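As the structure is a computational prediction, the values presented were derived from the model and not from experiment. A note on names: the letters A, B, ... follow the listed sequences, proteins ahead of strands, and every chain is numbered from 1.
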Number of protein chains: 2
Amino acid sequence: MVRQNTARRTALIDAAIEVLAAEGARGLTFRAVDAQAGVPTGTASNYFANRDDLLTQAGGRIYERLQPDAAEVADSRSGARDGDRVAVLIQGVVDRVSSFKSGYLALLELRLEATRRPALRTVLTKHIRADVDANIRHHLASGLPGDEDTVVLLYLAMNWLVVERLTLPDVFGEDEMRRLVTSAVERLLA
Amino acid sequence: MVRQNTARRTALIDAAIEVLAAEGARGLTFRAVDAQAGVPTGTASNYFANRDDLLTQAGGRIYERLQPDAAEVADSRSGARDGDRVAVLIQGVVDRVSSFKSGYLALLELRLEATRRPALRTVLTKHIRADVDANIRHHLASGLPGDEDTVVLLYLAMNWLVVERLTLPDVFGEDEMRRLVTSAVERLLA
DNA sequence: ACCGTAGTACTACAACTGGAGTGGTGTCAA
DNA sequence: TTGACACCACTCCAGTTGTAGTACTACGGT
């Protein structure tokens, strides 16, 4: 019988995200999720039909958790309207994403897994396209300088910057990374 | 006894790269490598002490194969010295990397695996830092416009562009991606 | 020309690990 | 009383590893 307890289901999905980040797609098993969530062996089996199901739901959940909270959005709508302001905001986004390290790493694992799972690919494509569009709209509406390409190019560069920071932190130093954020904003706003 | 046949060892490592890309880190087993390389079961066991050993050697090998060949380097040193020229060159790099799809995906898998394997992290950091530095030096020496930050920022943006192309190709269309390359070069050269 | 040896290819085996799935029992609340 | 769920235990199965053993090939010495 498929269980309906949504609190527990969410807890299991969050546990799955942690497992993905910590152990990789290789380590994502029902058993590992059970252990991470601190529930008895066999529980995850009762909540998800199979691995595919679990991965797909995790894909949706991560994007839910990566969304900025309301306070942050409000914050971004106040204050000055210049390039320095953009740099601060972008740095904030990079820091926020970096701080949800397990989420970001799990998302990368899912991207790779999506290569082999059409259902997962569909889900991720939808969420990510929506996220990019939302960023564009939000930026254009904010009155900050920069056009659509600005936003997308910043998205590209900052994503990889986060990848470097989270996977091989010694390629660039911490200071260099902060400088790169500033530099990227300066040049891409033109 | 550890086998020394270097041709076979290389073939096994290349097979490991294909397995990584196709099956993910989850699927990288000695058996799978044997099968991919078309050699009898147990062969990979004779060539690599353990999974760690195999992964580390794969990390070195990928970067070897991702290097541009001599013809391409020579090509990049001829011709005009302007922004359009840079755009063409960058597009070439993006296409070349994208075309070695399994190599790039395997490298991503390895990056994630490096989170958990210090030995692998060391190897990858060394190679990638060297690659970035080489790109910077090469670019500055070429007389093309753009400074160090230009090169690094292009590196960041183009890497993620390739990630998008290879993992979720429908987020951006093929045309949009080519336009983004041009746009990135235009703005980052400033 | 013959032989011994070292390195390697190939095959097979034996044991182990870890996970999936399922059924059963107890508990709680409507 | 009934339905949903938590918890637990048990079985079955698939996949991997590491190694032992045998056969082949090339090469150097005599």
Visitor: A:Ala106 and A:Ile62: which non-hydrogen atoms are nearest, and at how many Å?
Guide: CB-CD1, 3.6 Å

Visitor: Quick one: do A:Phe172 and B:Val152 satisfy side chain to side chain contact (heavy atoms under 4.5 Å, CB included)? Show the steps, please.
Guide: CA-CA 10 Å; A:Phe172 300 115; B:Val152 175; 3.8 Å; yes

Visitor: Rounded to whole Å, how long is the line connecting atom CG of A:Leu28 with atom C1' of C:dA20?
Guide: 14 Å

Visitor: Base, backbone or nothing for each nucleotide of nucleotides 21-30 of chain C, written B, S, -, heavy atoms under 4.0 angstrom, 5' to 3'?
Guide: BB--------

Visitor: How far apart are the closest heavy atoms of B:Gln4 and B:Arg9, and which atoms are they?
Guide: CA-NH1, 4.4 Å

Visitor: Using salt bridge (charged side-chain N to carboxylate O under 4.0 Å, His left out) as the criterion, list what pairs up with A:Arg121, not counting sequence neighbours.
Guide: none

Visitor: Could you give me the CA-CA distance, side-chain angles and deciding distance for B:Arg26 and A:Glu23, then say whether salt bridge (charged side-chain N to carboxylate O under 4.0 Å, His left out) is met?
Guide: CA-CA 10 Å; B:Arg26 178 158 222 257; A:Glu23 309 292 334; over 6 Å; no

Visitor: Would you mind reading off the distance between B:Asp53 atom CG and D:dG18 atom C1', rounded to a whole angstrom?
Guide: 15 Å

Visitor: Mind checking what makes side chain to side chain contact (heavy atoms under 4.5 Å, CB included) contact with B:Asn46, not counting sequence neighbours?
Guide: B:Arg3

Visitor: Across the strands shown, which category fits B:Val2 at heavy-atom distances under 4.0 angstrom: base, sugar-phosphate, nothing?
Guide: sugar-phosphate

Visitor: Nearest whole angstrom, please: distance from the P of D:dT16 to the CD of B:Gln36.
Guide: 14 Å

Visitor: Please list, for nucleotides 12-14 of chain D, all pairs of protein and nucleotide N/O atoms separated by less than 3.5 Å.
Guide:
none

Visitor: May I ask you to list the residues of residues 16-24 of chain A, by number, that have any heavy atom positioned under 4.0 Å from an atom of DNA chain D?
Guide: none

Visitor: Using the test salt bridge (charged side-chain N to carboxylate O under 4.0 Å, His left out), find all partners of A:Arg77 that sit at least two apart in sequence or belong to another chain.
Guide: none

Visitor: Tell me the interatomic distance from B:Asp34, atom CG, to C:dA12, atom P, rounded to whole angstroms.
Guide: 15 Å

Visitor: Is the shortest side-chain N/O distance from A:Tyr47 to OP1 or OP2 of D:dA4 below 4.0 Å?
Guide: no

Visitor: Can A:Leu20 be reached from A:Tyr47 by stepping across I, L, V, M, F, W or Y side chains whose heavy atoms are under 4.5 Å apart?
Guide: yes

Visitor: To check you understand the geometry: which heavy-atom pair defines the closest contact between B:Leu140 and B:Gly146, and what is its length?
Guide: CD2-O, 3.8 Å

Visitor: I need the minimum non-hydrogen distance between B:Ala32 and B:Gly27, along with the two atoms involved.
Guide: CB-O, 3.4 Å

Visitor: Ignoring backbone atoms, establish whether A:Asn5 has a side-chain N or O less than 4.0 Å from OP1 or OP2 of D:dA4.
Guide: no

Visitor: Is there a side-chain polar atom (N or O) of B:Arg8 under 4.0 Å from OP1 or OP2 of C:dA9?
Guide: yes

Visitor: Between C:dA20, C:dT8, C:dC10, which nucleotide has the shortest distance from any of its atoms to the side chain of A:Thr29?
Guide: C:dA20

Visitor: Classify the ring geometry between A:Tyr63 and A:His127 as parallel (under 30°), tilted (30 to 60°) or perpendicular (over 60°).
Guide: parallel

Visitor: In whole Å, what is the span from the CZ atom of A:Arg26 to the P atom of C:dT17?
Guide: 16 Å

